[in-house]
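Reminder, nothing fancy here: chain letters follow the sequence lines and each chain counts from 1.
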Protein chains: 4
Amino acid sequence: MKKREVPASVKDERLVKKRRNQMIKGAISLFKQKGFHQTTTREIARASGFSIGTLYEYIRKKEDVLYLVCDRIYDEVRDRMEQAIDTTQGDLDGLKLAIAYYFRVVDELQDEVLVMYQEAKSLGKESLPYVLNKELQMVAMFEHILRRCVDNRVFSLTEQEIQLFAHNIFVLGQMWGFRRWALKKMYTLDEYIELQTKLLLEGIIKR
Amino acid sequence: MKKREVPASVKDERLVKKRRNQMIKGAISLFKQKGFHQTTTREIARASGFSIGTLYEYIRKKEDVLYLVCDRIYDEVRDRMEQAIDTTQGDLDGLKLAIAYYFRVVDELQDEVLVMYQEAKSLGKESLPYVLNKELQMVAMFEHILRRCVDNRVFSLTEQEIQLFAHNIFVLGQMWGFRRWALKKMYTLDEYIELQTKLLLEGIIKR
Amino acid sequence: MKKREVPASVKDERLVKKRRNQMIKGAISLFKQKGFHQTTTREIARASGFSIGTLYEYIRKKEDVLYLVCDRIYDEVRDRMEQAIDTTQGDLDGLKLAIAYYFRVVDELQDEVLVMYQEAKSLGKESLPYVLNKELQMVAMFEHILRRCVDNRVFSLTEQEIQLFAHNIFVLGQMWGFRRWALKKMYTLDEYIELQTKLLLEGIIKR
Amino acid sequence: MKKREVPASVKDERLVKKRRNQMIKGAISLFKQKGFHQTTTREIARASGFSIGTLYEYIRKKEDVLYLVCDRIYDEVRDRMEQAIDTTQGDLDGLKLAIAYYFRVVDELQDEVLVMYQEAKSLGKESLPYVLNKELQMVAMFEHILRRCVDNRVFSLTEQEIQLFAHNIFVLGQMWGFRRWALKKMYTLDEYIELQTKLLLEGIIKR
DNA sequence: CATGAATGAGCCTTCATTCAT
DNA sequence: GATGAATGAAGGCTCATTCAT
């Protein structure tokens, strides 16, 4: 799936990158507080450090900002994951590390993840599939790790189970972000990681 | 936490109930399609079968509609659960049934659940805590079941683990609603229930 | 060619008619001064005696106002002509009267005619053909009179000449409106009518 | 009436002339398609082959472009007329030739004439009188020819009739441009010239 | 109680114009 | 001289809310 390019009036690629960085940063902080729909383009411009006119030199429609934000967040999450995680190892510790690291990334980028999580649905039909696809790529990372473990007979799972388990890891990671109003009262991040890892891997049934 | 009452200009309680039912039904179908912010009050009125003027006889602000909708959905989900599930039994089959039944309710009310799930955040500071509290009550239902199982030594979990596990059940149930774009390609509802139950209870580690 | 209906949100047909009359009157006076593009919707609303919100209860787009204005002006001109002129008589005096009367109508509605004349081109592809068609209907009125004269052997013209002559009358009438900056310095309306009639009918060549 | 000079920041007169030629050419083609108001300065710059910054080195306001365009078109029309027509001859064939030639010029420059015709009214109070004056000069050309004919007793007209007839020629020439949507269906240019000449000179009354 | 016309704050977006490089 | 990024006033339009009937 090819990247959806948001056209800018400004030619200088360097500048476009810089301004969009300002924009994304400003927008995330606003979306976090008030959500996409409640945030006005003027607020985005001001938070980005330039005028409304300038904002529209770098996007065409308000929705482009949201797309840019979502796009960026996923890239950020994935970059961090890819830098830290070896998906090919295929042992239990590798899996645990991946889960722990993913949970930590979510924690670190909790505002960003929350924003994307809550606002992505406001993307139009043009952008949504692309963002959803990025999500699947993240899930696929976990699938890959799991598959390698199964290959190595660390545990035994059907393909269906692998995919579902990968989704579970992904969603339970996000959960730390989108349910922090409940979870932070009960756990530290480390506790959360430890407990979730345990529950995920061992289940609850005494055997 | 006491119920937040939405004041109506109309006095006849019977009528208020009837009109609000129309309203909630109309609003859900609209929110489902276009989200809360994209839906206008006029559309809500029309979908409810009365005029914009009448709509405002039964609410004060547009947000009240959202609150009413969220409130109703939770009641619906909880009513169904309470009708079907005995939370005091405390054996493994009871837990499995509760999970299965909850998942089925989510499936049945998937549009409603999705709406609430995606739009609840648009509630103002006045209503949000109340809705969040309802969510915790649902989670508490699972906590209660789990706690009874632990009491009965069906399995052994710390209080922290109980709470987290309950959250996991709750969120993984919702996941069937909010990630159906991905999950329905891979599983039927029955498969989903069976696999999730297995993964949740047994984990993945070969022991 | 069917009338292009401009949809209104307001249901009461009586009210729609009344409000649109206010609107057309206000808009003409503004378009006269500043032209369509230089006139803002807010100005139109104010000149019509209601708010911007109300304006948009009776039109969908700014261009609708222009269409309504053009439509009205043509109806006005034609109504007046049809009330006063008998197109079936077919004698020279009848033709002269028609020309004179048309010129007087243009003079009376000179602001309106000027507006329509200058701004009609701003109509979109949807409305323009309809307005152009109305213009042709006016021309056709003169064609009809001329044709009757030819039938009565008042003078002899080919069909091509009839049509062109009708266009000439029409445009030379409008000319009194759109070139008044030059013509009013030289002629009164009566003089203009007399002279144009003479030139049109007799030409200039001494025979 | 002295020429209204549009000030340029650039000193080099040669360059100013060259750039403005590019500008006028680009602008006419745009105004033709979309009208003055719908055309943006950026589009004019692009169509002229230089940047928006450069455009403003050669004009002060967008309206200057329109003035320059109108000014140029009139010069163009008049130059062509003056090159071909001898206004002093004073016989019937000279008049016929002048009319025919004028109509041909209008046909050749029909886009330009249409633009000027439709957009001139958008000129501000500063420029409009000047352009209107140019128009009168064109009319005066016909007056002059007519006056010479009257002097030569080719036909007999009062001064008032001369002026009106000159206006008629001028407007009926333009009519070929601004009513081509109707006229081209009925006549070729040659037919139009022939018929109009006949109607203008001979009138329609059988004598 | 029901209706729907009226309101106007406020939103997104455009674009003429400027000015530092 | 040329460029094009930056600006912000202003425009078209929407929609939550009110209130007279």
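Inter-residue side-chain proximity for B:Lys18 and B:Arg14 is flagged as unmet; no heavy-atom pair is nearer than 4.5 Å. The closest side-chain heavy-atom distance from A:Lys134 to A:Asp75 is below 4.5 Å. Side-chain contact between D:Gln33 and D:Thr39 is absent, with no heavy-atom pair separated by less than 4.5 Å. Contact of the C:Ile28 side chain with the C:Ile73 side chain is registered, since non-hydrogen atoms from C-beta on lie closer than 4.5 Å. Looking at heavy atoms from C-beta onward, A:Asp71 lies in side-chain contact with A:Tyr130 at the 4.5 angstrom threshold.
Mapping D:Arg19 and A:Ile52 onto DNA chain F by nearest heavy atom places D:Arg19 at the nucleotide closer to the 5' end. Positionally, the nearest nucleotide of DNA chain F for A:Leu55 lies more toward the 5' end than for the other of A:Leu55 and C:Gln38. Residues B:Gly49 and A:Lys62 both approach DNA chain E. Their nearest nucleotides, taken by heavy-atom distance, put B:Gly49 toward the 5′ side. When each of C:Tyr58 and A:Glu63 is assigned the nucleotide of DNA chain E bearing its nearest heavy atom, the one mapping closer to the 5' terminus is C:Tyr58.
Defined by atom type and a distance below 3.5 Å, a donor-acceptor pair is present between the side-chain atoms of C:Gln38 and D:His37.
Rounding to whole angstrom units, CG of residue B:Asp12 and C1' of E:dC1 are separated by 10 Å. Computed from coordinates, the A:Lys34 NZ to E:dC11 C1' distance equals 12 Å when rounded to whole Å. Rounded to a whole Å, the CD1 atom of A:Ile44 is 12 Å from the P atom of E:dC11. One atom, NZ of A:Lys61, and another, P of E:dC11, lie 19 Å apart when rounded to the nearest Å. Between C:Arg14 atom CZ and E:dG4 atom C1' there is a gap of 18 Å when expressed in whole angstrom units. Taking atom NE2 of residue D:His37 and atom P of nucleotide E:dT14, one finds them 18 Å apart after rounding to whole Å. When rounded to the nearest whole Å, the span between CD of B:Gln22 and C1' of E:dC1 equals 13 Å.
C:Tyr67 places no side-chain N or O within donor-acceptor distance of the main-chain N or O of C:Glu126, the cut-off being under 3.5 Å. A donor-acceptor contact shorter than 3.5 Å is absent between the side chain of B:Arg60 and the backbone of B:Pro7.
Within the 4.0 angstrom heavy-atom criterion, only backbone atoms of the sugar-phosphate kind lie near C:Ser9; the bases stay farther away. Within 4.0 Å of B:Arg46, counting heavy atoms only, lies no atom of the nucleic acid at all. Contact annotation for C:Thr40: backbone-only contact, meaning every heavy-atom pair under 4.0 Å involves sugar-phosphate atoms and none involves a base.
Note: D:Phe36 and D:Phe31 have perpendicular aromatic rings, judged against thresholds of 30 and 60 degrees for the angle between ring planes.
Nucleotides of DNA chain F that come within less than 4.0 Å of any heavy atom of chain D span, from the 5' end to the 3' end, F:dG1 to F:dA6.
For the OP1/OP2 pair of E:dT7 and a distance below 4.0 Å, the side-chain nitrogens and oxygens of C:Tyr56 include no atom meeting the criterion. Regarding contacts with the backbone of E:dC15, every side-chain N or O of D:Thr41 stays at 4.0 angstrom or more from both OP1 and OP2.
For A:Glu57 and A:Arg19, the salt-bridge test fails: no basic side-chain N is under 4.0 Å from an acidic carboxylate O.
DNA chain F contains the following stems of three or more consecutive Watson-Crick or G-U pairs, with both distances under 3.5 Å: E:2-21 with F:2-21.
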